[in-house]
Amino acid sequence: MKSTKAELIPKAFDSKSQEESLYKLWEESGYFKPDNVQKYLENSNKEVQKPFVMTLPPPNANGDLHMGHTCGYSFHDAMGRFNRMTGHPTLLIAGKDHAGIQTETVFTKRLRAEGIDKWDLGREEFNKRCYEFCLNAADNARSQEKRIGLSADWDSEFFTLDPRLTDVIYETFFKMLEDGLVYRDKRIINQCPHCRTALADIDTYHKELPGVFVYMVYPFVDEADKELAKKKFGAEGITVATTRPETMLGDTAVAVNPNDERYKEFIGKKVLLPIANREIPVIADDAIDIETGTGALKVTPAHSPIDFEIAQRHNLEIINVINEEGKMSGKVPERFLGMETIDCSKALVKELQELGLFVNLERIKHEVAVCERCDTPIQPIISFQWYVNTKPLAEKALEALNTGATKVIPEGQQKALTYFFENIQPWCISRQLWWGHRIPVWYSGSKELHDWLMDNPGKTTQDFEKEVGKEAHGSGKVFASVEKPNVDPDWDNEKNLEFEAEQDVFDTWFSSGQWPFSTTTSIGGFDKYFPTDVMVHARDILFWWSARMMMLSLYRTGKTPFHTVFLHGIINAPDGTKMSKSRGNTVSPVELFDKYGVDSLRLWYYSDALPGANAPLREEKIKGNRNFVNKIWNASRFVLMNIDDSELDSIRDRLEKAGFDGERVNANKEHVGKVVEYLSKHQYNLGTEQIREFFWHEYCDKWIEEVKAAIKDEQVGSEKRIELLSELVFLLKENLKIMHPFIPYITEAVWQELVKLELADGILMIQQI
RNA sequence: GGGCGAUUAGCUCAGCUGGUUAGAGCACCUCGUUUACACCGAGGGGGUCAUAGGUUCGAAUCCUAUAUCGCCCACCA
């Protein structure tokens with residue numbers, strides 16, 4: 001009867017109870033830090049390869065991780081572990097995102113629940129409290145990142161508003177301003193009247209809402225035109241159609257297609273804008289679709305992007321009639337001032353009816369852009385914002401793609417990115433929020449003065465005083481600096497001088513677009529760790545994030561920030577639809593960790609969440625992976641159980657001598673070679689399949705069975721037993737190593753069982769493949 | 001409207017630069033309780049690789065068209 005210590009090992013691998021202590025073992029080993037990996041390699045006379053570095057996408061500091069986050073981190077970690085085990089001092093830099101508008105919304109609600117109004121609190125106090133809130137809340141996300149096994153250096157973790165990063169981000173802005181790449185410009189923006197901020201297109205989504213389509217007549221000014229119109233159309237004017245009648249008060253033209261036979265003879269004529277009683281021209285523009293509506297478009301440059309472009313082409317006046325809160329304002333008849341747009345719309349329709357200029361009202365459903373956070377329909381309004389001229393930046397990025405300095409996996413997305421760079425639009429980087437990096441700019445005099453001067457080229461501060469009726473306290477020039485400046489060379493009245501701080505903050509992508517070099521710079525490792533190696537994220541933020549990182553890194557450092565962008569698949573609900581909170585079909589990764597173990601979920605990601613794929617969640621596959629993980633546990637247990645305690649010394653000696661050869665060892669080498677190749681080529685699905693196939697059906701089903709039969713009748717301690725069991729242990733260890741990047745927990749757990757029997761040393765994470 | 005991609009076993013998908021009987025996991029069927037594991041073992045069924053043409057000695061793989069689906073961007077008077 002054999003006596004073996006290994007018989008005490010439990011029958012099933014209980015992932016949940018072991019994951020925490022295994023993670024602790026890794027973390028406390030210090031090998032999440034590249035310097036320690038380097039020391040280890042040097043001490044064990046291994047060749048030190050160049051560092052392997054990844055900066056990780058920072059999740060929202062105050063949220064839970066979703067299936068997509070843990071998917072990304074699974075890939076990060078497999079890459080990190082593989083490189084760490086092949087001679088590369090490896091650094092994974094994690095982060096937590098301040099997430100601009102989302103966090104401001106969340107925290108404002110929290111404050112309100114405590115009975116605090118953010119406006120009473122003031123900006124400075126709000127930001128202070130929100131910062132604390134985020135730092136505290138970040139523990140939650142961080143513990144989930146650790147749970148997935150992420151081998152990041154937590155001492156290099158950054159919150160995106162960290163003052164060290166801010167310095168770098170501001171420098172970039174100053175440089176761009178100097179180089180003329182940032183400028184202030186008047187454009188149509190998406191205004192959320194509820195959140196009182198400009199929104200990027202990505203912060204909005206489209207929703208089908210009931211609306212109206214109102215036809216109304218703008219009468220001609222000249223009697224002759226009226227006559228002609230009456231003959232042609234049966235009305236003394238031109239009929240236009242709109243879904244937003246309230247914007248008519250800001251109309252400055254009616255546009256028709258130059259090829260539209262109906263209106264040809266009216267081009268250049270004038271109509272009288274009803275109610276506002278303003279004469280506006282009929283103009284011709286190619287952008288007008290003859291088929292839509294009446295083929296005649298009322299042009300409201302201040303409140304519609306298309307109209308704005310038309311206005312630019314034709315030098316039309318721009319009249320703002322809706323303010324930031326979505327209320328009627330500006331040059332509108334007094335009775336409409338302060339009205340909600342919808343009320344104003346109704347009132348106008350009524351007045352038009354009375355004037356006999358109302359033609360028809362259709363009730364329609366149409367797609368409206370709404371605020372992603374609060375569902376409020378956005379108001380396109382015109383305002384001055386800060387822009388980046390992305391054209392020259394995109395050219396450099398294109399070059400990086402074309403020369404192969406950066407490549408995107410999957411290939412199709414590389415084409416999409418190329419197309420994006422080729423057709424890039426100016427980038428609005430200012431947001432009217434409190435929560436974020438304040439744009440480090442001061443206006444001499446006031447922001448109003450500066451924008452007025454921009455609006456009125458050729459005019460002076462004296463004109464401003466006269467026409468606006470306010471005193472000028474500076475030249476209206478812009479000063480870029482963090483601290484308030486105290487001199488303005490263009491303003492001689494020093495006593496009178498005042499500076500107004502820019503209140504807007506940067507778009508979060510402007511700061512996160514600098515992530516690879518802002519973080520490495522801030523830990524003092526720019527020279528050593530930049531450029532980084534691989535960027536991993538889901539493909540939905542390719543244009544927003546990686547594109548920006550490429551442009552800004554090339555601008556600041558002259559180098560592309562990473563040689564590979566790896567876009568993992570998107571995890572969908574089991575029925576194939578998108579997971580979303582509003583649909584209530586989300587699945588929490590933590591739930592799956594608990595149920596099947598982290599390794600099982602990781603394996604599923606590697607096999608299903610491939611670049612270019614949408615992976616519907618398949619629990620039964622994760623369950624299958626759990627079975628594989630358990631198989632590893634039991635196979636290892638069986639090998640150890642076959643070793644009698646009295647044989648341990650001989651097997652240790654045999655293992656130290658190394659020099660195993662023969663069929664199995666060769667087959668195993670070939671197997672390891674294949675997996676290494678798959679990992680190097682980012683073919684994780686093939687790697688997963690390979691380790692599963694090989695370990696289960698070769699190592700377990702063949703080798704263990706063969707050895708089992710061969711040693712059945714052997715005396716304990718016989719030469720044959722020692723040789724065969726030693727070989728089996730050797731092969732087990734080799735397999736644990738190559739499987740570790742995929743499934744770190746189970747492999748390390750087994751390794752530690754080997755360590756207990758002194759059949760292995762140290763920790764598996766740092767062993768070299 | 002523009003761009004990208006997909007269509008292979010019941011389900012989810014592999015199949016790299018064209019080459020013997022097209023693969024995996026899960027599901028299904030049969031047999032098996034031999035002291036590692038039933039979260040197991042042995043075996044099995046199941047696919048004219050969306051459709052139509054073409055290139056080739058040879059096509060799931062390359063080309064063209066069609067159909068269906070998905071994603072992204074732009075727009076929606």
Side-chain angles (χ1 to χ4, degrees), chain A residues 6-7 9 11-13 201-202 206 208 211 213-215 240-245 247-248 251 254-256 287-289 291-300 304-307 310 364 366-369 410-420 422-425 538-544 569-570 572 574 576-578 596-597 600 603-604 607-642 677-678 681 683-686 688-690 692-693 696-697 700-701 704-705 708-709 712:
Chain A
E7 272 170 354
I9 301 172
K11 247 178 137 172
F13 177 60
D201 292 338
I202 197 176
H206 290 82
E208 192 171 81
F213 203 42
V214 175
Y215 292 80
V240 295
T242 179
T243 53
R244 298 167 62 211
T247 61
M248 71 165 287
D251 285 359
V254 170
V256 297
I288 308 305
D289 181 5
E291 305 294 323
T292 310
T294 61
L297 170 70
K298 56 186 268 320
V299 182
T300 321
S304 155
I306 280 212
D307 298 12
I310 294 172
I364 56 160
H366 64 153
E367 292 271 311
V368 179
E411 227 175 303
Q413 293 298 307
Q414 169 139 351
K415 286 187 208 159
L417 185 59
T418 301
Y419 187 83
F420 172 81
E422 283 167 352
N423 297 283
I424 197 141
Q425 297 298 309
R539 68 168 179 275
D540 53 356
I541 54 169
L542 177 64
F543 304 148
W544 307 107
I570 291 184
N572 284 334
T577 59
K578 240 182 194 166
Y596 303 108
S600 315
L603 279 175
W604 180 69
S607 57
D608 278 39
L610 301 172
N614 293 326
L617 184 63
R618 280 293 112 89
E619 254 192 74
E620 61 279 12
K621 290 184 95 169
I622 302 172
K623 190 172 157 191
N625 293 334
R626 194 265 323 263
N627 296 352
F628 173 55
V629 167
N630 194 54
K631 183 80 183 176
I632 298 171
W633 181 252
N634 272 293
S636 311
R637 195 171 130 253
F638 179 70
V639 170
L640 298 181
M641 274 169 54
N642 266 285
E677 198 189 328
Y678 291 143
K681 290 184 177 168
Q683 296 173 313
Y684 299 93
N685 57 322
L686 300 181
T688 304
E689 199 179 318
Q690 177 70 25
R692 182 196 193 98
E693 171 66 25
W696 202 322
H697 301 298
C700 295
D701 293 346
I704 285 184
E705 293 305 323
K708 203 197 263 183
K712 208 170 129 205

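Residue numbering restarts at 1 for every chain, and letters A, B, ... go by the order of the sequence lines.
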Problem - Bracket notation of RNA chain B in which parentheses pair within the strand, [ ] cross earlier pairs, and | pairs with another strand (Watson-Crick or G-U, under 3.5 Å) - result: (((((((..((((.....[...)))).(((((.......))))).....(((((..]....))))))))))))....

Handout entry: Rounded P spacing from B/rU20 to B/rU35 in Å
Key = 43 Å

Problem - Presence of donor-acceptor pair under 3.5 Å, side chain of A/R626 and base of B/rC39 - result: yes

Exercise for the section: Just compare B/rC40, B/rG41, B/rA36 and give me whichever is closest to any side-chain atom of A/N634. Expected result: B/rA36

Practice task
Please name all residues satisfying side-chain contact (heavy atoms from CB on, under 4.5 Å) with A/E705, sequence neighbours left out, ordered by chain then number.
Solution key: A/K708

Exercise for the section: For B/rC69 versus B/rG23, give the span between their P atoms, rounded off to a whole number of Å. Expected result: 32 Å

Practice task
Please work out if A/F543 contacts a base, only the sugar-phosphate, or nothing of the nucleic acid, heavy-atom cut-off 4.0 Å.
Solution key: sugar-phosphate

Practice task
Describe the nucleic acid contact of A/R244 in one word from base, sugar-phosphate, nothing, applying a heavy-atom distance below 4.0 Å.
Solution key: nothing

Exercise for the section: When you get a sec, tell me which of B/rA36, B/rC76, B/rU12 is the closest nucleotide to the side chain of A/K621? Expected result: B/rU12

Exercise for the section: Select base, sugar-phosphate, or nothing to describe what A/K578 touches, counting heavy atoms under 4.0 Å on all strands. Expected result: sugar-phosphate

Problem - Euclidean distance for P, B/rG5 against B/rG15 (whole angstrom) - result: 15 Å

Exercise for the section: For A/Q414, answer base if it contacts any base atom (sugar-phosphate contacts may also be present), sugar-phosphate if it contacts only those atoms, and nothing otherwise; contact means non-hydrogen atoms under 4.0 Å. Expected result: nothing

Problem - Quiz item: A/K415 side-chain donor-acceptor pair to B/rC4 base, under 3.5 Å - result: no

Handout entry: Charged tip of A/R626 within 45° of A/Y596 ring normal and under 6.0 Å
Key = no

Practice task
With heavy atoms under 4.0 Å as the rule, sort A/W696 into base, sugar-phosphate or nothing.
Solution key: sugar-phosphate

